[in-house]
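Report on the structure given below.
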Amino acid sequence: MTNKKGHFGEFGGKYVPELLIPALEELEEAYDKYKDDPEFIEEFEYYLEQYVGRANPLYYAERLTNKLGGAKIYLKREDLNHMGAHKINNTLGQILLAQRMGKERIIAETGAGQHGVATSTVAAMFGMECEIFMGAEDVERQALNVFRMKLLGAEVTPVTEGTATLSDAVDAAIRNWVENVDDTFYLLGSAVGPHPYPTMVRDFQSVIGQEAREQILEAEGRLPDHLVACVGGGSNAIGLFYPFIEDKEVNMIGVEAAGLGVDTDKHAATLTKGSKGIIHGFKSYVLQDDNGQIMPVHSISAGLDYPGIGPEHSHLRDIGRADYEAVTDEEAVKAFKLLSEVEGIIPALESSHAIAYVKKFAPKLDEDEIIIVNLSGRGDKDVYTVADRLGVDL
Amino acid sequence: MSRISSTFNQLQAKGEQAFIPFLMAGDPNLDLTQELVLAAEEKGADIIELGIPYATPLADGPTIQKAGRRSLAHGTNLNDIFSLIAKIRSKSEIPLVLMGYYNSIYNYGLEEFATECEEVGVDGVIIPDLPLGEDEELRAYSESLDIILLMSSTSTEERMKSVAENSSGFIYAVSTPGTTGAREEVSKEVETLVKKLKKLTTTPVAVGFGVSKPAHVLVINKFADGVIVGSAIIEKIEDNLDLIKDEKEEFVTKVTDFIYSLSNPKT
């Protein structure tokens, strides 16, 4: 029985306990059925427009461009979505699917809390029961998002296993799904996990790239030269990249979290430093020790400290279609300040990694080159972390 | 014929069922695992399932997770486990099955893993996160190794058929939805599942997940070819950890007496 569906080259697949196979097949069948269904698409688009507030702008960051002195920089403003991040594109798509599948209970994992908030938001809007699994350390780091989730009616379950961060939250959510597979829909937050999640999440997030493509053609009359997006699991990046994949002249750059540096043991730079392995039901590059134990990871940004990466990114890297770079906590914090000061936009620490890379990259390019950066989320949630880092007592 | 198959054949000829205890390799330490395996054989174990410790085991409940962490705390890896098995093999012919997560094996190297298994005398593997459909690359290297697949009552008939055809050694029927861990009752679904599987294949079917008492073993032996007990034995190990320093023999006796109560359940 050779089923190569859901593989991106050698990556992806469905490495899960047998118990989950029926649930994944049910999900796959439902997704195949509805993804091209005009009514489903119409409803998805309606809520993207009326509830999320799309299309969001592709904003020409003129002051940042002038300050860096190189390529023209456009920001795709996912931070302006309802709830302040790209995550809601995916949660909306998945909850519409969950509803059609007759599920009553939604579970999700969250790192920074953005996906948890985005899931709680749509669960509230569609009147579904919702439980969010979150690493205990992240619960601590992201108190504001925890409170948001609770306000939205979700139950937040802190996970204390392992390093008590995103990876452990995914484990806990999958385990809960195994136990409650009949009535529960697992609303996965990134382009990771077993098939069909990486494909489905990419498709729901592709609205980012589709809009950006139209907007840049409208503004500049041509395609961009470079796309830049931060990568944890990789959903905002794949959402931006995917509609440009066939446009070979468009470079695609994913920016990973180098934490304290890729040569320390405190980073989350999976493609830069990892090796092939299996994590959370899929094959990809992972950060692991010599014995195949998944390693603890670190980033100042809770949304990027994940020891794996979406399988399609591993594939795009290995075939040479996309490049992956890493920037440190320190560079990200500087970029956080820079964008706030120069453009009046406070970016999420995740998105600050993309900005930090552009800060180094744009000055090396010609003035007639164009970069689109995915500003995947707003930074209000991170002000305490940054203040703390800068030694400011709030 | 593999050691596992001939064990089942011999038991079936006598009208008996296989008793398969699970032990986490290196919990509480590798020497004691060896002693427990050998003592378990004396106390009626027919096949031993040995766990490869993994820090993030998706299909396991808290008890086995903790056992894995105890073993990892002193750095147990696959090479240690192969040495352990070589030592056991010098003293016993009991069929040995390794249970582990795919990343441990993939990281070790599939070919190296299969070669090493053959060399030291591992008879089969159970890899909970390697379902049928993703197992071709491992199968390419492991002709002499039984790949034991799991099956649960929620799967489709079609899938049951494929698993029945492709599982070798035995089929691991999962008794309750969810993760491993001791439970009160044997579910009705598992009896139905075993009966369905037995119609599809002559490969023996053993039941695991949630078996914790002699009474469970008695019920399962009526319809299955074997029974696997994991968490309940690990709990026994956990309860007696204070003995391992000064009263090792007492520790081994306590754990294996419990194994005996399961392998020879009284009606």
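For clarity, every value in this text was computed on a predicted model and none was experimentally measured. A, B, ... follow the sequence lines: proteins, then strands. Residue 1 opens every chain.
Between the B:N103 side chain and the A:I278 main chain, a donor and an acceptor come within less than 3.5 Å of each other. For the pair A:Q293 (side chain) and B:P53 (backbone), a donor-acceptor distance under 3.5 Å is present.
Contact of A:E26 with chain B is not made at all, since no heavy-atom distance falls under 4.5 Å. Proximity to chain B involves both the backbone and the side chain of A:K276, based on heavy atoms less than 4.5 angstrom apart. With a 4.5 Å cut-off on non-hydrogen atoms, A:D290 touches chain B through its backbone but not through its side chain. At a 4.5 Å heavy-atom cutoff, B:I105 makes no contact with chain A through either its backbone or its side chain. Proximity to chain A (any heavy atom under 4.5 Å) is restricted, for B:Y106, to the side chain, taken from C-beta onward.
For B:L58 against A:R175, the heavy-atom pair with the smallest separation is O-CG, 3.6 Å. When all heavy atoms of B:N107 and A:D289 are compared, the pair lying nearest together is ND2-O, 3.7 Å. Across A:Y15 and B:P131, no two heavy atoms sit closer than the pair CA-CD, 4.2 Å. Heavy atoms only, all atoms of each residue included: A:E18 and B:L150 are closest at CG-O, 3.3 Å.
Around atom NZ of B:K161, no more than 12 heavy atoms belonging to other residues, nucleotides or ligands sit under 6.0 Å away. With a 6.0 Å radius and a threshold of 12 heavy atoms from other residues, nucleotides or ligands, B:E137 has its CD atom above the threshold. The local environment of CD in B:E112 is crowded, with over 12 non-hydrogen atoms from other residues, nucleotides or ligands closer than 6.0 Å. Within 6.0 Å of the NZ atom in B:K198, the count of heavy atoms belonging to other residues, nucleotides or ligands exceeds 12. Within a 6.0 Å sphere centred on CD of B:E118, other residues, nucleotides and ligands contribute 12 heavy atoms or fewer. No more than 12 heavy atoms of other residues, nucleotides or ligands sit less than 6.0 Å from atom CD of A:E29.
To the nearest 0.5 Å, the span separating CD1 on A:I294 from OH on B:Y101 amounts to 13.0 Å. To the nearest 0.5 Å, the span separating CD1 on A:I21 from CG on B:L132 amounts to 8.5 Å.
With respect to chain B, the highest number of heavy-atom pairs below 4.5 Å among A:G13, A:P22, A:G281 belongs to A:P22. Options B:S155, B:G75, B:S104 differ in how many heavy-atom pairs under 4.5 Å they form with chain A, and the most are formed by B:S155.
Residues B:E134 and A:K283 form no side-chain contact, since every pair of their non-hydrogen atoms from C-beta on lies 4.5 Å or further apart.
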Working for side chain to side chain contact (heavy atoms under 4.5 Å, CB included), residues B:L78 and A:N291: CA-CA 8 Å; B:L78 259 174; A:N291 296 318; over 6 Å; no
